[in-house]
Amino acid sequence: MHSPGSSVSGYVLLLLVQIVFIIVFGFFTDYSKDLLPKNATVSAAMEEAHEEQPLPKYPHFQDIHVMIFIGFGFLMTFLKRYGFSASGLNLLVAALAIQWAIIMRGCYEMEDGKIPLSLDNLIGADIAAAAVLISMGALLGRTTPMQLLVMAIIEIAIFAANEFLQIELMRIADVGGSITVHAFGAYFGLAVSFMLRPNKENAKTGPMECSSYSSDITAMIGTIFLWIFWPSFNSALVDGAEQERAIINTYLSLAGATVTTFVFSALVAHEKKFDMVHVQNSTLAGGVAVGSICNLLIHPFGAIMVGVIAGVISVLGYRFLTPAMLSSLRISDTCGVNNLHGMPALLSAVFSAIYASLATTETYGNTLTTIFPAMKQNSTLSEEDMHEMVIGGYGRSAAKQGAFQLFAILLTVVIAIVGGLFTGLVLRHRFFGGILKPPEHFLDDIWWSVEPPESGTVAIQNVMDTPRVAHPTVRLASSSQA
Amino acid sequence: MHSPGSSVSGYVLLLLVQIVFIIVFGFFTDYSKDLLPKNATVSAAMEEAHEEQPLPKYPHFQDIHVMIFIGFGFLMTFLKRYGFSASGLNLLVAALAIQWAIIMRGCYEMEDGKIPLSLDNLIGADIAAAAVLISMGALLGRTTPMQLLVMAIIEIAIFAANEFLQIELMRIADVGGSITVHAFGAYFGLAVSFMLRPNKENAKTGPMECSSYSSDITAMIGTIFLWIFWPSFNSALVDGAEQERAIINTYLSLAGATVTTFVFSALVAHEKKFDMVHVQNSTLAGGVAVGSICNLLIHPFGAIMVGVIAGVISVLGYRFLTPAMLSSLRISDTCGVNNLHGMPALLSAVFSAIYASLATTETYGNTLTTIFPAMKQNSTLSEEDMHEMVIGGYGRSAAKQGAFQLFAILLTVVIAIVGGLFTGLVLRHRFFGGILKPPEHFLDDIWWSVEPPESGTVAIQNVMDTPRVAHPTVRLASSSQA
Amino acid sequence: MHSPGSSVSGYVLLLLVQIVFIIVFGFFTDYSKDLLPKNATVSAAMEEAHEEQPLPKYPHFQDIHVMIFIGFGFLMTFLKRYGFSASGLNLLVAALAIQWAIIMRGCYEMEDGKIPLSLDNLIGADIAAAAVLISMGALLGRTTPMQLLVMAIIEIAIFAANEFLQIELMRIADVGGSITVHAFGAYFGLAVSFMLRPNKENAKTGPMECSSYSSDITAMIGTIFLWIFWPSFNSALVDGAEQERAIINTYLSLAGATVTTFVFSALVAHEKKFDMVHVQNSTLAGGVAVGSICNLLIHPFGAIMVGVIAGVISVLGYRFLTPAMLSSLRISDTCGVNNLHGMPALLSAVFSAIYASLATTETYGNTLTTIFPAMKQNSTLSEEDMHEMVIGGYGRSAAKQGAFQLFAILLTVVIAIVGGLFTGLVLRHRFFGGILKPPEHFLDDIWWSVEPPESGTVAIQNVMDTPRVAHPTVRLASSSQA
């Protein structure tokens, strides 16, 4: 048996978790009332009304579903010998996370002791899973499968609490989830990565931390599907004109980010050639950077501008910041989530503060208080509004809303980092696999029944020839041979 | 010329089939009346009404379309040297099957001597093609292209008859097609496989019946797209609350199946590692197992439970049953369709009988008779109802509906097996290629113009070096050399 | 530094273009009025109306979006060492083209000095990008990235003008864009290819102009997504019954083309085997050939017939015409766009002329003038109609509409060829890279930071070992060694 992470006890624990989920679903969830037949007369009318129009959000949901399972899954296949884990563990982690997210997010919207399920819960669960998969990107190839699953459990719980805090209590504007999903997921993952950092003699790139020609192409499947459906991600939670603006702005921002990504990828490279790492990731930074503001009146100019800036920041981050974080702080970031999700999300939050502080009734009309609900005047509150708890109360000025946007990103990053550090501490426990040593990094062969490679990849052969149940010192020896 | 299956006469036959299709479409089909302009006044009003709302089922259709062509096509690319055939023949077989399915299914809904075409027919044709592609999965790599096409022609005809029998005449509940599509396709294919079984000395795994590292990753493209869009497959034929329940239940069932697939994949494996075969297939068993019951009030608890059980059964099937079927009965099942489609579909049918027998007006309200139309009381029948033929008549009790559900799966499996045996008998004819010998199994090079592999795959070289137009004994000799 | 095309100055120019785009977007675009809040009362009503129904075209848009970025991008990955460029430059060129297309197409629909943006503009921009990507297919592997970008800039400007001319001024029927997109893109690209033809001693297939086993499978990802979503492409611009007919006709035409593609692929091949080039491309010819007529009353018979013919023409084109064009005229057509887009589009135009000339009020009812607006009688023109400029005026007879359809394709091909020749002349300038020599064709390594191939591909090694900044004669020498 290789390590505790792949032991029978680990899988039995996972099975127990799934059984607990079943029980919780049994006791605490049900379909929302709209989806339950009631007495004959009411039901007839309801059914009919329901049948007339199809589920309006379903296409949006399916686009997001593709992003979570194909997008994230294939983007992470860029490593040359970690594609089974990338696509497979992405599926496993997400399948666990969506169940747990329905429960955890549902805690804040229970009715009569039950979480009422509808398509909205599935959309919310998929979005929550995105945060976990972003964190997984920071750690990719350096953890046991069990560690990823434990991280998913803890992270979803903290994610749901923070999301409720920011959106429902603090009433911040973040329709594309740049603050609550991207920044949260990225800094949570980086904090875990910091806790799982190798000791100094292991802190170098292993022989398997590279892509192959074909793995870089399968990764592009992930990139392009994320790119295509990002407008759906950013616009899924709004309707009408807000939704259409969110689509247009995200589309333009991504286009702008893509052009600058290629330009700067070549400009910062040694031989002025394009780098697949940048193309696979920084082209998407435009989607993150416009996330918190995509429904606002940023106009086409603002949308492209934000994308262009995000592309530049992201490429520079890959080129200079990621290596620096590794060498100075020993924080690995396998997929560079700080560059794709972290920094562009900070940018989005800052822009959201600026745009919020400039929002007026002149420009937004009566949609102002739809977009920024806490800006409702106390005199105009409805019965329902009065029962809602809003931190700081209603009647916020534009400037105050802007300050809240900044406070939201600050608070989110702090919660993510503290949560990530705590999670990392838990994951260091031997039972979950401890800190993996470099020869076990980025290698499907450790976790999957897989034929040894056919030819030419001497590095893998060396790693694979060493005994699996190696004493730590033996492991290091094999590492230095490779 | 290698074999009659790839001879000019075979392709000319296929061309003739296509020409016959054109003629049949010319004489016996037209757009449905809604899609034909009529006189000016009527048309104006109709057009306007039509234009106001978009085609509500079109997104569902496109999701299913992706499943049929990308999902099945890429899932079957897992073999290391059969990817051209998997993706290419999947496209060819499906393209033929959908045309033929429109005709065969249309026979049961003709109006004035014409089959009225609308989007519904395309959805139905795609679903029918799924049954053929499931059967193809059982046979993958062991047939000539011509045999697959002939099978498609026969299978679609029987499929359409059985579907009409179960849904329209017996009025069973099967919105996700577990009974009419998955069980039918799986057992039809296995029966064909039985008829095409090799003689004893050839009944061993050929050198090419394995995946490569990269083919296992391209197969995941198919798996994940099937996984993502399965809620659309199961919910395409219902509306309103039923549709939303079908989506939620399928989503949850798949998530549950995925977790248990990983757990049991590792637990039953020698080194406690994950097996790509299980991940590519058993994760989907949850979608099949919930198919016949996904619109019922199984509640989230029931949905996850069904998925969890399906995942376990499917993995155990791959691990123990498929090898046993091969060694004891010489029934090959290349993709393990019995584990992904067959057994989970049986499970779904049993659950559908249980849930149907428990259905009451108290829980279902007046949607009871929408879901189980034969449970309408004779006193409440509409004019239209009275003209419909229902086997056993209206006024079914819940228990009787449950019995019908069981009878439906039994009848479907019997029809599929008898139909498959007959089809296999036809396919054994020399003209369609007879029984392929192992050296010709799983090898694109036999059917496609393809560069010989670059290096390292000695097995292929051996196979390819032997003369193609070999005498049977020579073939066997080359096989034993490999 | 290899060539001016990959020089710093080239990337700086691209950055400047992006900055110019930002400025133009800032001054000349805004959201359409529907998407801007106005005064409180109006806005409230509008918002509500808008919110009630989701964006009806959004699923269609996303299908097309997948075609442009995944479909074209992955179809072009068929070359064994040009997959980074295929998927990456497809993304870059399209990202630039869609921004520019919004501006160029918007010139013809400005209101108060601004281009009003809505989802329709994004759909139009994606369709315009398709024309550029088709042209890119003709040139694939033989240009610098900079040349593709310059071509995109020029081509979009001419495309937008021609599209406006054909659709708005000449009022031709072309809902699937066969005339304005496919024929235009193909002949524009071929004209550029002619201008960039190598001199005689270089006019032979380079060592890298071939696929590998795995690249042919990734290309199938592109093919199949294009195949799946082609009904969305052809039906995006129409509504109601027209839309549903367009979907049905395209679906049937593709199915027919697929079957004949396989038949003729085998029949024309040396060993009667299928050829991946045909399967990847000619199966799609049915979508092009039905493009201009897919909303007409061509009936299922007509739809399949057109597809069947298109499949045959396309395969024969690949087999005989493309090699002949290369040897006689030295016109390279890497992806065979003449066979997939060019000739099937000509076929579509001819059929559109025939069907238009047969259109009567008896068959089309009052939808006749929706489909062919110039056939409105002068007596029935609305106020709005009278302000529209229509070349030749209203009151066209069916025969005259047919003649216009033929004139439209003629004019489009002439404009495309002249535009392409001019563009090719520009691209021959040294600053954009001049005419690439064969050793630099089809090779990602020239443009991308990429690990050298692991083993077995001696041809690449030879190419890569030669100095990059080689004197022309040295280049040829290295080419002839390979």
Side-chain angles (χ1 to χ4, degrees), chain A residues 1 6-8 11 14-15 18 21-22 25-26 29-31 34-40 43-44 46-47 50-51 53-55 58-59 62 65-66 69-70 73-74 77 81 83-84 87-88 91-92 95-96 98-99 117-119 121-122 145 214 218 221 447-451 453-456, chain B residues 53 56-57 59-60 63 210-214 216-218 220-221 224-225 227-229 232 239-241 243-245 247-248 251-252 254-256 258-260 262-263 266-267 269-276 279 283 297 299-301 304-305 308 361 363-368 370 455-457:
Chain A
M1 192 77 19
S6 65
S7 70
V8 170
Y11 295 118
L14 176 55
L15 186 61
Q18 179 63 57
F21 282 4
I22 295 177
F25 269 91
T29 73
D30 205 347
Y31 306 121
D34 289 358
L35 305 185
L36 286 171
K38 276 193 261 49
N39 68 59
S43 171
M46 281 180 58
E47 279 295 301
H50 214 116
E51 254 170 68
Q53 59 181 15
L55 281 167
Y58 190 63
Q62 280 293 11
H65 217 35
V66 172
F69 290 89
I70 286 283
F74 276 85
T77 62
R81 194 75 185 176
F84 288 12
S87 60
L91 178 60
L92 173 59
L96 196 82
I98 56 179
Q99 294 179 61
L117 297 194
S118 70
L119 181 60
N121 300 64
L122 310 193
S214 65
T218 57
I221 300 172
W447 314 107
W448 296 83
S449 303
V450 48
E451 290 295 303
E454 287 188 354
S455 66
Chain B
Q53 57 181 15
K57 296 278 188 191
H60 268 77
D63 293 352
C210 57
S211 61
S212 68
Y213 187 73
S214 66
D216 265 328
I217 291 177
T218 56
M220 282 297 277
I221 300 172
I224 299 178
F225 272 110
W227 200 96
I228 289 169
F229 290 133
S232 301
D239 294 295
Q243 184 174 62
E244 198 160 344
R245 289 203 301 264
I247 290 165
I248 295 170
Y251 179 94
L252 291 174
L254 287 164
T258 300
V259 173
T260 48
F262 276 85
V263 168
L267 288 181
H270 191 58
E271 297 186 84
K272 306 301 166 220
K273 293 180 177 183
F274 301 127
D275 189 325
M276 259 292 177
V279 172
T283 50
L297 291 169
H299 299 280
F301 168 82
I304 300 192
M305 191 58 126
V308 160
T361 319
T363 49
Y364 284 90
N366 63 352
T367 65
L368 184 71
T370 320
S455 67
T457 44

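Hydrogens, waters and symmetry mates play no part in the numbers below; they use all other heavy atoms, side chains included. A, B, ... follow the sequence lines: proteins, then strands. Residue 1 opens every chain.
Ranked by heavy-atom pairs under 4.5 Å with chain B, the first of A:L119, A:T77, A:I221 is A:L119. In terms of heavy-atom pairs under 4.5 angstrom with chain A, the leader among B:T283, B:D63, B:I248, B:T260 is B:I248. Interface remark: of the candidates B:L254, B:D216, B:D275, B:D216 forms the most heavy-atom pairs closer than 4.5 Å to chain A. Among A:T29, A:D30, A:L92, the residue with the largest count of heavy-atom pairs under 4.5 Å with chain B is A:L92. With respect to chain A, the highest number of heavy-atom pairs below 4.5 Å among B:P59, B:S211, B:G256 belongs to B:G256. Between chain A and the residues B:V259, B:V279, B:L297, the most heavy-atom pairs under 4.5 angstrom are made by B:V259.
Here the closest heavy-atom approach between residue B:A255 and residue A:I98 is recorded as CB-CD1, 4.0 Å.
The CG atom of A:L55 sits 9.5 Å away from atom CG of B:D239, with the distance rounded to the nearest 0.5 Å. Once rounded to the nearest 0.5 Å, the distance linking CZ of B:R245 with OH of A:Y31 reads 6.5 Å. To the nearest 0.5 angstrom, B:I217 atom CD1 is 5.5 Å from A:F84 atom CZ. Atom CD1 of residue A:I70 and atom CG of residue A:L91 lie 9.5 Å apart, to the nearest 0.5 angstrom.
Side chain of A:N121 to main chain of A:S118: a donor-acceptor pair is present (N/O by atom type, distance under 3.5 Å, no hydrogens or angles). Panel note: side chain B:K273, backbone A:W447; no donor-acceptor pair is recorded below 3.5 Å. At distances below 3.5 Å, not a single donor-acceptor pair connects side-chain atoms of A:Q18 with backbone N or O atoms of A:L14.
Only the side chain of B:V308 comes within contact range of chain A, with heavy atoms under 4.5 Å apart. For A:S87, the parts sitting under 4.5 Å from any heavy atom of chain B are the backbone and the side chain alike. Of the two parts of B:L368, neither the backbone nor the side chain holds a non-hydrogen atom closer than 4.5 Å to a non-hydrogen atom of chain A. Neither the backbone nor the side chain of B:S214 comes within contact range of chain A; no heavy atoms are under 4.5 Å apart. Only the side chain of B:L252 comes within contact range of chain A, judged by heavy atoms closer than 4.5 Å. Contact of A:V66 with chain B is made through backbone and side chain together, with heavy-atom distances under 4.5 Å. There is no contact between B:T218 and chain A, counting heavy-atom distances below 4.5 Å. Residue contact with chain A, scored on non-hydrogen atoms closer than 4.5 Å, involves the side chain of B:H60 exclusively.
Applying the ring pair (Phe, Tyr, Trp, His ring centres under 6.0 Å) rule to B:F262 yields the partners B:F274; only residues at least two apart in sequence or on another chain are considered.
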